[in-house]
There are 2 protein chains.
Amino acid sequence: MARVRMSDVAARAGVSTATVSMVLNGVNSTRISPQTQQRVREAAEAVGYEPNSVARSLRTQQTRLVGLISDTIATTPFAGRMLAGANDVAREHGRLVILTDTEGDVGAERQALQALSGQQVDAMIYACMWHRVVEVPEGLPEDAVLLDCAPASADRAAVVPDERAGGMAAVRELVAAGHRRIAFLDAEERFDLVASRLRHEGYLQVLAEAGIEPDPFLHARAEPVAGGGREAARRLLDLPASRRPTAMFCFNDRMAMGAYAAAHQRGLSVPGDLSVVGYDDQQLVAAELDPPLTTVALPHYEMGRWAMEVALGLRRADPAAPHLMPCPIVRRASVGPPPAQFGD
Amino acid sequence: MARVRMSDVAARAGVSTATVSMVLNGVNSTRISPQTQQRVREAAEAVGYEPNSVARSLRTQQTRLVGLISDTIATTPFAGRMLAGANDVAREHGRLVILTDTEGDVGAERQALQALSGQQVDAMIYACMWHRVVEVPEGLPEDAVLLDCAPASADRAAVVPDERAGGMAAVRELVAAGHRRIAFLDAEERFDLVASRLRHEGYLQVLAEAGIEPDPFLHARAEPVAGGGREAARRLLDLPASRRPTAMFCFNDRMAMGAYAAAHQRGLSVPGDLSVVGYDDQQLVAAELDPPLTTVALPHYEMGRWAMEVALGLRRADPAAPHLMPCPIVRRASVGPPPAQFGD
DNA sequence: AACCTCAAGTTAATCGATTAAACAGCCGGG
DNA sequence: CCCGGCTGTTTAATCGATTAACTTGAGGTT
């Protein structure tokens, strides 16, 4: 650890610590002669001086530390991208981030909040690892930024994925390929997912724009995992030919995995007989399926960046409504025109 | 929110700050009368006092902050588990962790190292997001702990997965089910993965123990992704029946995904016609395959805990050799007995 | 000569805690 | 009545930087 103090530099350069401080921080440096500045810098270099941020923070009341408090960093593989975005912005601006994981426990949350504010962090980000509406915890500073969650009541800066637009993009992709019978493999209602509601809205809107009458049978619900997707897809593929979908928009990539499995079992090929679009662009999965999955990416990295930018005051946020981050569609190979007998 | 200081508490309780400090920290508290202690505590509660850790750290020379410096938090979904393990131990012991991501850049690494030591962190962990051998960066403190990587030269405390034992466990699982023709779908040599070498050693050792002559044809190499696994598996399944493997141990779960695909294409069922074991226990994947994949779990959470425990001095480490963390086998449904004609 | 200005630093207060040392009462013993 | 030892609390130094206010000497003005 850096054992040399500013006074060591001062002694070696034959000046006071005030001079050292001014030179090294470039403050009032016009008042210090170039020769002295040179001497100070050389002395600092020679003794290997590294400023003690703790002392500096105490004096300046600025720690250059940002607290990032999250419900669970571990359970989703998406988390990393959010942290990476936040971290990159922090690094670009000379800040360090303190990460705390509350595992959804309210007690741990309050404790973390206290620890962070005791640590005098300059800013704070409250992150959820999947998009939801949260009751803002008591004690969260007014200027904290919410990441991947929307505040239930209080007005706070927040950023969430634009799920509605994402759902629209997914379905437009299918409509553009010529599909008219497009199923939505949705998560069951009991999971009460905002993403589910919004993606469904997007789905309906694009159908409406395309003049397609939505068929309630094509809105299938299941557990949002591969097994659920497989079952739901099977049921849909067992429908009589006239009602059977030629394309499926899946709530997430795992359900899409299940849809692939169901199609293969029925001897149908993707995208020859069935087109599939997923959601999440899950790392190490979407691109690895056969054929690679066309899907909608969750903009975790960008949301992380946005939140940190707002937290550091580099960007203004509207506290009245969460910022909607676009979800780009990632085109791979699971979408094609509908099979001939359904073509127009 | 004007921060309340210790002097505010002191004023309200009608004592000096020294008394407040002693009472609240329980130091020398036998020397302070119970009535005064009570008054101090009530005053602290009443004004909502929270100690300023910056000031405390400056005085005590202890920040209760741990620096965690990693090459990339974002690119692998495994990272979270490691962070979670480290974080949990930190939290259990009242520490906070500062996370920095260097993205493998040496400049950023040096910068991060300086920032962390300037921040006077009490301990430091250097983490890699996949198991490898690293040149310890200059400036990394002597007592820093390496996580998921082994030091190339210097002697440092380090923890890595016991890949050899993991490979043995995987192959034993297949041997126990009755298989004799067991393939290893390995990563290509050009990736130069320690994991690959060690898992292969484990594979060979179990074959030897079981008295099975290793067949070089059954050691297939490919890119360690689904596509690679599919190609390698296809080649193996095209072997004449007498040489064809009845089981495959795959370098990772993605290759196992590919093996599933190849089997299905050949009309073979898993595990009826082909048993498969993966490695990594990749979240949201291994359990979602059909059938769910038997695999070997990478003990990321446990390694994260271990590293933090050593960093905090709660546990001694042998600096001469990395600690090997066991990789538990996760039994699901992709292993069964070999098909009848191969049975004994 | 008296006064002012400016350059180039230095001095000392300060941030908010911790803690060794000092201090004020009180009691008991000689 | 004085001294030593307790007890309970305060005083003040300290951690390592930042920075407002001050100092000092040289040079310029009138």
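Every chain is numbered from 1 and lettered A, B, ... according to where its sequence line falls, protein lines coming before strand lines. What's counted below: heavy atoms across the whole structure, side chains too, no hydrogens, waters or symmetry copies. Keep in mind it's a predicted model, so treat the numbers as computed, not measured.
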Separation of C/dT14 atom C1' from B/Asn52 atom CG, nearest Å, is 14 Å
Residue pairs meeting side chain to side chain donor-acceptor pair (under 3.5 Å), one or both in residues 95-113 of chain B, sequence neighbours left out, come to B/Glu109-B/Tyr126
Contacts satisfying ring pair (Phe, Tyr, Trp, His ring centres under 6.0 Å) that involve residues 51-77 of chain B (not counting sequence neighbours) are none
To the nearest angstrom, the CZ-P distance between A/Arg5 and D/dC15 comes to 7 Å
From CG of A/Leu24 across to P of D/dG16 the rounded distance in Å is 17 Å
Ordered by number, residues from residues 37-50 of chain B within less than 4.0 Å of DNA chain D (heavy atoms) are none
With sequence neighbours left out, the residues meeting side-chain contact (heavy atoms from CB on, under 4.5 Å) with B/Arg132 are B/Asp71, B/Cys128, B/Trp130, B/Val134
Checklist entry - Are any of A/Asn28's side-chain N or O atoms less than 4.0 Å away from OP1 or OP2 of D/dT19? => result no
### Under-4.0 Å side-chain N/O to phosphate OP1/OP2 contact, B/Thr17 with C/dT18
no
Could you tabulate the donor-acceptor pairs under 3.5 Å formed by side-chain atoms of residues 146-155 of chain B, not counting sequence neighbours?
from: B/Ser153; atom 1: OG; to: B/Glu135; atom 2: OE2; distance (Å): 3.3

- Task: Would you please confirm or rule out a distance under 4.0 Å between OP1 or OP2 of C/dT18 and any side-chain N or O of B/Ser21?
- Result: yes
Ring pair (Phe, Tyr, Trp, His ring centres under 6.0 Å) pairs touching residues 8-43 of chain A, sequence neighbours excluded, are none
Residues pairing under ring pair (Phe, Tyr, Trp, His ring centres under 6.0 Å) where one sits in residues 3-26 of chain A, two or more places apart or in two chains, turn out to be none
In whole angstroms, the gap separating C1' of D/dG16 from CG of A/Asn25 amounts to 13 Å
field: Modelled atom types, side-chain donor and acceptor of B/Gln35 and B/Arg39, under 3.5 Å
entry: no
I'd like a list of close polar pairs between nucleotides 21-25 of chain C and the protein, N/O only, cut-off under 3.5 Å.
none

Sorted by number, residues from residues 53-63 of chain A placing a heavy atom under 4.0 Å from DNA chain C are A/Leu58, A/Arg59, A/Gln61
Which donor-acceptor pairs under 3.5 Å do side chains of residues 314-328 of chain A form with protein atoms, sequence neighbours excluded?
from: A/Arg315; atom 1: NE; to: A/Glu309; atom 2: OE1; distance (Å): 2.9
from: A/Arg315; atom 1: NH2; to: A/Glu309; atom 2: OE1; distance (Å): 2.8
from: A/Asp318; atom 1: OD1; to: A/Ala320; atom 2: N; distance (Å): 2.9

When rounded to whole Å, the CE to P distance for the pair B/Met6 and C/dT19 reads 10 Å
Under 4.0 Å between a side-chain N or O of B/Ser33 and OP1 or OP2 of D/dT9? yes
Here the ring pair (Phe, Tyr, Trp, His ring centres under 6.0 Å) pairs for residues 26-83 of chain B, sequence neighbours left out, are B/Phe78-B/His300
**Request:** State whether A/Arg3 places a side-chain N or O below 4.0 Å from either non-bridging phosphate oxygen (OP1 or OP2) of D/dG16.
**Result:** yes
By side-chain contact (heavy atoms from CB on, under 4.5 Å), B/Arg5 pairs with (sequence neighbours left out) B/Ser7, B/Asp8
Exactly one candidate in B/Val15, B/Ile32, B/Val9 meets side chain to side chain contact (heavy atoms under 4.5 Å, CB included) with B/Val23; the answer is B/Ile32
